[in-house]
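Heavy atoms only: backbone and side chains are in, while hydrogens, waters and symmetry mates are out. Everything numeric here is computed off the predicted structure, so don't read it as measured data. The first residue of the sequence shown is numbered 1, and numbering continues consecutively from there.
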Amino acid sequence: CNVHEAKAYCAWKTKIDQPAHPYRLITEGEHNAIRDASTRDLSKGERRDFVMAYDGFSLQNSTDAPYNSNLAYGSQSPVDAMPASSSGFHDVFGNAWHWSEDDFNGLDGFQVT
């Protein structure tokens, strides 16, 4: 799946369901808002990023990490198979590619290295 297919799915689903507001991809800001509170705790430094918080074995095998990172299960897992974030959302990380409605805009001081 790519961003164009994801947007096409949103358009198709909107046509089928006819909701009050059209379906769309989540924005980067919305994604950050639904992340688990632990990922926003600046006192943890780089360990607040789940990839940095677990060793490679745990990420690959999902034995300890509560994410289906790199499709460790061999395919996508059911949406509610992993624990919800502290804000109640499932599959905020891992499981499948994550597409955003908006373009990446780095914060002040961001540099590509």
Side-chain angles (χ1 to χ4, degrees):
C1 181
N2 61 45
V3 71
H4 304 293
E5 291 170 329
K7 285 183 164 194
Y9 176 80
C10 290
W12 171 81
K13 189 69 172 157
T14 295
K15 186 175 179 180
I16 298 297
D17 293 353
Q18 299 182 348
H21 301 283
Y23 297 124
R24 62 175 175 76
L25 299 177
I26 192 170
T27 67
E28 184 179 356
E30 290 166 337
H31 179 260
N32 287 330
I34 67 171
R35 294 170 65 176
D36 195 76
S38 66
T39 65
R40 296 188 301 267
D41 182 355
L42 299 179
S43 70
K44 292 183 177 182
E46 69 180 25
R47 305 275 304 163
R48 70 180 188 212
D49 180 340
F50 79 91
V51 171
M52 302 302 285
Y54 297 94
D55 63 35
F57 179 82
S58 295
L59 280 174
Q60 183 62 34
N61 296 291
S62 291
T63 56
D64 299 318
Y67 307 103
N68 189 10
S69 180
N70 296 320
L71 299 179
Y73 287 116
S75 67
Q76 290 85 7
S77 57
V79 149
D80 60 355
M82 303 294 174
S85 69
S86 58
S87 50
F89 291 91
H90 289 272
D91 279 348
V92 177
F93 289 113
N95 204 26
W97 283 101
H98 160 145
W99 301 110
S100 295
E101 186 66 38
D102 51 351
D103 296 325
F104 172 77
N105 296 297
L107 299 174
D108 290 341
F110 173 79
Q111 294 181 355
V112 176
T113 57

Can any side-chain N or O of N2 pair as donor or acceptor with the backbone N or O of H4 at less than 3.5 Å? yes
What is the distance from atom CD of E5 to atom CH2 of W12, rounded to the nearest 0.5 Å? 14.0 Å
Between S87 and A33, what is the shortest heavy-atom contact and its length? OG-O, 4.3 Å
Testing the basics here: between P22 and P19, what is the closest heavy-atom pair and its distance to 0.1 Å? CA-CG, 4.4 Å
Any chance you could measure L25, atom CG, to Y9, atom OH, to the nearest 0.5 Å? 11.5 Å
What residues form a side chain to side chain contact (heavy atoms under 4.5 Å, CB included) with E30, not counting sequence neighbours? R24, I26, T27
Specify the closest pair of heavy atoms between T14 and Y23, including all atoms of both residues, with the distance to one decimal. OG1-N, 2.8 Å
